[in-house]
Colleague: 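Quick one: the structure is below, questions incoming.
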Amino acid sequence: MANTTDPTPATAERTFGWCHWHEGPSETALMVQIIEQGSGPGAGLYACAPCREQRRLTR
């Protein structure tokens, strides 16, 4: 039986990320751009919440 008195969901854990726009650490970074390459692995660019808002970046 689950504990129904704990309002904190399991997904509320903070994670470390990197914002490619302000080039610094962030706890709110989400992938906003994918760079595809013809051969080899691609890459993802991440932006924090303030940078996403200021630059109107979307996922």
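Here the structure is a predicted model, which means the values were calculated and not measured. Below, each value reflects all heavy atoms present in this structure, side chains not excepted, and no hydrogens, waters or symmetry copies. For the single chain, residues carry numbers from 1 onward in sequence order.
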Colleague: Determine whether Pro50 and Thr28 make a side-chain contact, defined as any pair of heavy atoms from C-beta on separated by less than 4.5 Å.
Modeller: yes
Colleague: What are the two closest heavy atoms between Trp18 and Ala29, and how far apart are they?
Modeller: O-CB, 3.9 Å
Colleague: Sequence neighbours excluded, which residues qualify as side-chain contact (heavy atoms from CB on, under 4.5 Å) partners of Leu45?
Modeller: His20, Trp21, Gln33, Ile35
Colleague: Which heavy atom of Cys51 sits nearest a heavy atom of His22, and at what distance?
Modeller: SG-ND1, 3.6 Å
Colleague: When Ile, Leu, Val, Met, Phe, Trp and Tyr are grouped by side-chain heavy atoms lying under 4.5 Å apart, directly or through other members, which residues fall in the same group as Ile34?
Modeller: Met31, Tyr46
Colleague: Restricting to side-chain contact (heavy atoms from CB on, under 4.5 Å), what partner residues turn up for Gln54, sequence neighbours left out?
Modeller: none
Colleague: Do other residues, nucleotides or ligands put more than 12 heavy atoms under 6.0 Å from Glu36 CD?
Modeller: no
Colleague: Is the side chain of Arg52 donor-acceptor paired with the backbone N or O of Ala47 at a distance under 3.5 Å, no angle test?
Modeller: yes
